[in-house]
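Sharing a structure below in structure tokens format, with a few things to ask.
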2 protein chains.
Amino acid sequence: MKDFNKLSERQRNMLRYIDNYISENGYPPTIRQIGENTGINSTSVVNYNLNKLVAAGYLTRSQHVSRGLRLTVPVPGSDRKPGKKAVHVAPARPSVYVIGTIFASEPVPVPEDYHYDEDDLIEVTADMLAGTDPDEAFALRVKGDSMVDAMIREGDIVVFRRQETAKNGDMVAVWLTERNETTLKYFFKEGTRIRLQPAHPHMDPIFVDPKTCRIEGKVLSVIRQL
Amino acid sequence: MKDFNKLSERQRNMLRYIDNYISENGYPPTIRQIGENTGINSTSVVNYNLNKLVAAGYLTRSQHVSRGLRLTVPVPGSDRKPGKKAVHVAPARPSVYVIGTIFASEPVPVPEDYHYDEDDLIEVTADMLAGTDPDEAFALRVKGDSMVDAMIREGDIVVFRRQETAKNGDMVAVWLTERNETTLKYFFKEGTRIRLQPAHPHMDPIFVDPKTCRIEGKVLSVIRQL
DNA sequence: AGTATAAACGAACCCTTGTTCGGTTGTCAA
DNA sequence: TTGACAACCGAACAAGGGTTCGTTTATACT
């Protein structure tokens, strides 16, 4: 059971209003409607608090979709009229934070620095986490074509587990201090050096010194939506 | 009880899709989504038939409201999977059947031929289906390196919607009768010929005659688990 | 006082999505 | 043959509605 007292009065009002609205209309309200009915004057504040509620697990959102809201828990004290059914309750689904973007010329952002306020949460399946606790997983959106040799495209979402070490055969994100670049490659420790093998079958590996190679995370899965 | 036989096949499909969509997502589809998933090429035709359905008492609409749809009667034959409940209850996590493998030298398997087997059901998120009814989606596992120019690797799972036509910009699976091969490319109709553009940014398009090119399905998403 | 952070504001931006309209096709009856 | 009508198409239009960003206020900690 969720502790609704942890929420601000505003956020509780929003949940109540959303629940009511859906049971009245059969579809969710817009951000502007939520604002108008809970005394919020700016759409960005509604958006801000909706993201808070997503992070706290009370609802899920579909990005860039009008009225793309759904509640994930029953809302107490929503004054639904008798006879109306409770709003659908979505089962808990694993999701990971998309904490930024990844491209060749920058190290990958670290989750610790990240304030989970304004970015988005995407839904994943359990398979994509390969047993990793959702709290230890994070995701990055690929920017630019620099990852083509890893068979990864602009717009793809890469799901990682944060770790500084790797086993042979893992695909990892590494920061190469001498080249000043991030790359995604298969990891193989070969004696005193490390072989980084591109995913693309026609491309050649590079060999680096362990001291110039910082592992940023292990790739768990890649999602491409077209 | 309504007499659904009075409706056209199209209208029954629309009702079934709307019901399914709401149960998957918790909110109604757009008229464009309805069109795409029931083989209607014009939003005005969807609008036309929606108004027919309103007049016949099957649903209500809110004017000038996005996704402002509501079913007024239970829809028979909406083949919700067991465990999925009727409209206005919890959205279920959709899943699609992996019905085979895809590689260059063979046409795409057709779902109709497939003997459904529980083992080959994989979980997906609603986002990956882009509004497609899960029952009209299917998935294939990629075999071999022949799809590298589509930035797709051995082992990837490609999620499709079966359809014989495509819009510009869609990524589609096509069978090229003259080359005897299946390929995944972006589709562009240019006058009398078709341009098939590889996803890989450094590769050149091919041009084919519509008569030698059979569209097998539209690619909705790609999943890579490592 | 100075800094950091949560919460809020409002306007601009632009993708999403419903609506409209001229035109085409097919059927049926006069 | 003609006209009426239902069904459909494609494109353009415009309102709907999510997102972003620079700023501001309030509170707490140093």
Side-chain angles (χ1 to χ4, degrees), chain A residues 6-14 17-18 21-22 25 27-56 59-70 98 100-101 112-122 141 155 225-226, chain B residues 6-14 17-18 21 25 27-56 59-70 127 130-131 165-170 189 191:
Chain A
K6 287 261 169 65
L7 300 175
S8 71
E9 183 58 28
R10 229 171 211 194
Q11 287 162 356
R12 282 194 294 273
N13 285 338
M14 287 171 61
Y17 174 72
I18 293 166
Y21 187 98
I22 296 175
N25 296 280
Y27 48 86
T30 68
I31 282 183
R32 284 172 177 80
Q33 287 175 318
I34 296 170
E36 285 164 15
N37 289 279
T38 55
I40 300 175
N41 297 319
S42 171
T43 58
S44 64
V45 176
V46 177
N47 188 52
Y48 172 85
N49 283 293
L50 283 177
N51 286 336
K52 287 282 184 203
L53 290 168
V54 170
L59 49 81
T60 61
R61 300 183 72 185
S62 303
Q63 298 206 320
H64 306 288
V65 168
S66 67
R67 302 170 190 269
L69 286 178
R70 59 202 144 237
V98 180
T101 57
E112 287 74 29
D113 294 350
Y114 177 70
H115 286 283
Y116 293 92
D117 294 347
E118 36 199 86
D119 221 290
D120 51 350
L121 206 54
I122 67 156
R141 183 168 274 109
Q225 262 140 234
L226 293 146
Chain B
K6 287 262 172 65
L7 300 174
S8 71
E9 182 60 28
R10 234 175 205 192
Q11 288 163 355
R12 281 194 294 273
N13 284 339
M14 287 170 62
Y17 173 72
I18 293 166
Y21 186 97
N25 296 279
Y27 48 85
T30 67
I31 62 177
R32 282 175 179 77
Q33 288 176 315
I34 296 169
E36 284 166 16
N37 288 279
T38 57
I40 300 176
N41 296 319
S42 173
T43 57
S44 63
V45 175
V46 177
N47 188 53
Y48 173 85
N49 282 293
L50 282 177
N51 288 336
K52 288 279 180 203
L53 289 168
V54 170
L59 49 82
T60 61
R61 298 183 73 184
S62 304
Q63 297 285 312
H64 303 288
V65 168
S66 67
R67 302 170 188 270
L69 287 178
R70 179 171 22 187
D127 292 337
T165 61
K167 292 204 296 272
N168 282 351
D170 287 351
K189 183 157 178 60

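The chains referred to below are lettered A, B, ... by the order of the sequence lines, with proteins before strands, and numbering in each begins at 1.
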Gap between atom CE of B:Met14 and atom CD1 of B:Ile31 - 0.5 Å precision: 9.5 Å

Are OP1 or OP2 of D:dC8 and a side-chain N or O of B:Asn49 less than 4.0 angstrom apart? yes

Measure CG/B:Asn25 against P/C:dT16 and give the value in whole Å, please. 16 Å

Starting at CG of B:Asn47 and ending at P of C:dG22, how long is that distance when rounded to a whole Å? 16 Å

Does B:Ser42 make a side-chain donor-acceptor contact with the base of D:dG10, cut-off 3.5 Å? yes

Where the side chain of B:Ser62 meets the backbone of B:Val65, is there a donor-acceptor pair that is under 3.5 Å apart? no

Tell me whether the side-chain N/O atoms of B:Lys52 come closer than 4.0 Å to OP1 or OP2 in D:dA6. no

For the side chain of B:Val45, counting heavy atoms from C-beta on, which of D:dG18, D:dC9, C:dT19 is nearest? D:dC9

Base of D:dG16, side chain of A:Arg32 - is there a donor-acceptor contact under 3.5 Å? no

Taking B:Asn49 for the side chain and B:Val46 for the main chain, is one N or O donor matched with an acceptor at less than 3.5 Å? no

Report yes if at least one side-chain N or O of B:Tyr48 is closer than 4.0 Å to OP1 or OP2 of D:dA7; otherwise report no. yes

Within this structure, what is the CG-to-P distance between B:Leu7 and D:dA7, rounded to whole angstrom? 11 Å

Please check the phosphate of C:dT17 (OP1 and OP2 only) for any side-chain N or O of B:Arg67 closer than 4.0 Å. yes

Do any N or O atoms from the side chain of A:Arg67 and from the backbone of A:Tyr27 form a donor-acceptor pair under 3.5 angstrom? no

Under 3.5 Å, is there any donor-acceptor pair linking the side chain of A:Ser44 to the base of C:dG10? yes

Starting at the 5' end of DNA chain D, which residue's closest nucleotide do you reach first, B:Val65 or B:Arg10? B:Arg10

Between D:dG16 (P) and A:Ile34 (CD1): distance, integer Å: 17 Å

Whether A:Arg61 contacts D:dT19 is assessed here as follows: a side-chain N or O lying under 4.0 Å from the phosphate OP1 or OP2. Is that the case? yes

Could you tell me whether the phosphate oxygens of C:dT17, OP1 or OP2, come under 4.0 Å of any side-chain nitrogen or oxygen in A:Ser66? yes

Return the value, rounded to whole Å, for the distance between atom CD1 of A:Ile40 and atom C1' of C:dA6. 15 Å

Reckon B:Asn41 touches a base, only the sugar-phosphate, or nothing at all at heavy-atom distances under 4.0 Å? sugar-phosphate

Send over the distance from B:Ile31 CD1 to C:dT19 P, rounded to a whole Å. 7 Å

Pair of N/O donor and acceptor under 3.5 Å linking C:dT17 base with B:Thr43 side chain: no

Looking at A:Thr43, is its backbone amide N or carbonyl O close enough to the side chain of A:Arg32 to form a donor-acceptor pair, meaning the two atoms are under 3.5 Å apart? no

Between P of D:dG16 and OH of A:Tyr27, the distance in whole Å: 13 Å

What is the nucleic acid contact for A:Thr30, judged by heavy atoms within less than 4.0 Å: base, sugar-phosphate only, or nothing? sugar-phosphate

Check: A:Thr30 main-chain N/O paired with A:Gln33 side-chain donor or acceptor under 3.5 Å: yes

Provide, to the nearest angstrom, the distance between the CG atom belonging to A:Leu50 and the P atom belonging to C:dA7. 14 Å

Given D:dT19, C:dT20, C:dT17, identify the nucleotide with an atom nearest to the side chain of A:Gln63. D:dT19

